[in-house]
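Data first, discussion second: the structure below is written as structure tokens.
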There are 2 protein chains.
Amino acid sequence: MDSSIVKLRSKLEVYKAMTDGGNLSDCPVRDVIQGLSGKWSSLLMAALAEQPYRFGELRRLVPDISQRMLTQTLYDLQRDGYVHREVFPTKPPSVEYSLTDLGRSMFEALQHLLQWAENNHDAVRGARATFDAGQA
Amino acid sequence: MDSSIVKLRSKLEVYKAMTDGGNLSDCPVRDVIQGLSGKWSSLLMAALAEQPYRFGELRRLVPDISQRMLTQTLYDLQRDGYVHREVFPTKPPSVEYSLTDLGRSMFEALQHLLQWAENNHDAVRGARATFDAGQA
DNA sequence: GGGTGTTGGTCTCAAAAAGAGACCAGCACT
DNA sequence: AGTGCTGGTCTCTTTTTGAGACCAACACCC
């Protein structure tokens, strides 16, 4: 079973790792997860996991992200060490974003969740439809 | 290697699964991920993965969540089929939240990411510190 | 040399989401 | 009668996000 490594740790431990200290600054796991829980983070990670992209390419690739949020999300990902930003001295200068080793490592863990989402989206959509019908 | 199953699919495919159609409603993966990318979702999932909890217990367990966001996040998790809500006719009535099978299945995938966060938080914190020092 | 296009942003303003905290009904217990 | 506990909701303020205008610098074209 591919989840054996994870299962060796009790769920309680993972939970405690998220709440230890009671506040964010004392809880590293929450601190890290926070940076990934934005609306665009996982999407941009998935894009950059495929290949490095330039700013404008990413903007065209994800048409419904605002330029402002693209800038900011890339900045945050870079700050947390997942993404490398390189400016090429062309005219006008172009900027390439790529995953760091840390970013690739993180994406491997994230990918399980993306995979699950792809495999189970109809179950989720079904649950949502049933729920909404019941509330109506 | 425990990630072999995932690696069988190309990263490109996962990425395409997140962008197909160009908008949210046509992209199931983004639709599902969206529901999990909130600030509190993963934390509450981790808590409920440990054991079922009542509303007030969760509130005490996560002291820095507002009652308003606790209500709403649990509602969303319930709507997407991850969480079961049961009202017991005590006086005053108590409400218990627990994971569904779908929720447990999803948490298994999520746990990889939580695990990674726990293992690598010092790398992330280090990257952040270095970055901030460079910007100063 | 003047007009147009490209680059990767920033700035402002409006809309949406989140946080803080008061408030509520219903009943038990004292 | 007063107090407490339950799981919420309501309102108000602050923060975050979204939409879109604007920018400098240069290249290319004529």
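Letters A, B, ... mirror the listed sequences (proteins, then strands); counts begin at 1.
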Polar-atom pairs under 3.5 Å, protein N or O versus N or O of nucleotides 14-18 of chain C: list them with distances, or write none.
| from | atom 1 | to | atom 2 | distance (Å) |
| --- | --- | --- | --- | --- |
| C:dA18 | N7 | B:Arg68 | NH2 | 3.0 |

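Electrostatic pairing of B:Arg125 and B:Asp122 does not count as a salt bridge here, judged by no charged N lying under 4.0 Å from a carboxylate O. Comment: B:Arg79 does not engage B:Asp76 in a salt bridge, judged by the lack of any side-chain N to carboxylate O separation of less than 4.0 angstrom.
Taking atom CZ of A:Phe88 as the reference point, atom P of D:dA25 lies 23 Å away to the nearest angstrom. Regarding B:Glu86, its CD atom lies at a distance of 14 Å from the P atom of D:dG7, rounded to whole Å. Distance B:Arg85 CZ to D:dG7 P: 10 Å, rounded to the nearest Å. Distance, A:Leu70 CG to D:dG20 C1': 15 Å, rounded to whole Å. At whole-Å resolution of the value, CD in B:Glu96 and P in D:dT6 are 14 Å apart. Rounded to a whole Å, the CD atom of A:Gln34 is 16 Å from the P atom of D:dT15. Here D:dG8 presents its P atom at 9 Å from CD of B:Gln78, a figure rounded to the nearest Å. Computed from coordinates, the A:Arg59 CZ to D:dG18 C1' distance equals 15 Å when rounded to whole Å.
Contact annotation: the side chain of A:Thr71 never approaches that of A:Arg68 to less than 4.5 Å [non-hydrogen atoms, C-beta and beyond]. Between A:Trp40 and A:Asp64, some side-chain heavy-atom pair lies under the 4.5 Å cut-off.
With C:dT7, C:dG26, C:dG9 as the candidates, the nucleotide lying closest to the side chain of B:Pro92 is C:dG26. Listed candidates were C:dG8, D:dT6, D:dG8. Nearest to the side chain of B:Ser94 is D:dT6. Listed candidates were D:dG8, C:dG8, D:dT6. Nearest to the side chain of B:Arg54 is D:dT6.
Toward the 5′ end of DNA chain C lies the nearest nucleotide of A:Thr71, the other residue of the pair B:Ile65 and A:Thr71 mapping further downstream. Comparing A:Phe55 and B:Gln67 by the nucleotide of DNA chain C whose heavy atom lies nearest to each, the residue mapping closer to the 5' end is A:Phe55.
Below 30°, between 30° and 60°, or above 60°: for A:Phe55 and A:Tyr97 the angle between ring planes is between 30° and 60°, a tilted geometry. Ring-plane geometry between B:Phe131 and A:Tyr75 is classed as perpendicular, the angle between the planes exceeding 60 degrees on a 0 to 90 degree scale with a lower cut at 30.
Phosphate proximity of C:dG8 to A:Tyr75: absent, as no side-chain N or O sits under 4.0 Å from OP1 or OP2. The phosphate of C:dG8 has neither OP1 nor OP2 within less than 4.0 Å of any side-chain N or O from A:Tyr53.
Linking ILVMFWY residues whenever their side-chain heavy atoms come closer than 4.5 Å, directly or via other members, leaves B:Leu99 and B:Phe88 in distinct clusters.
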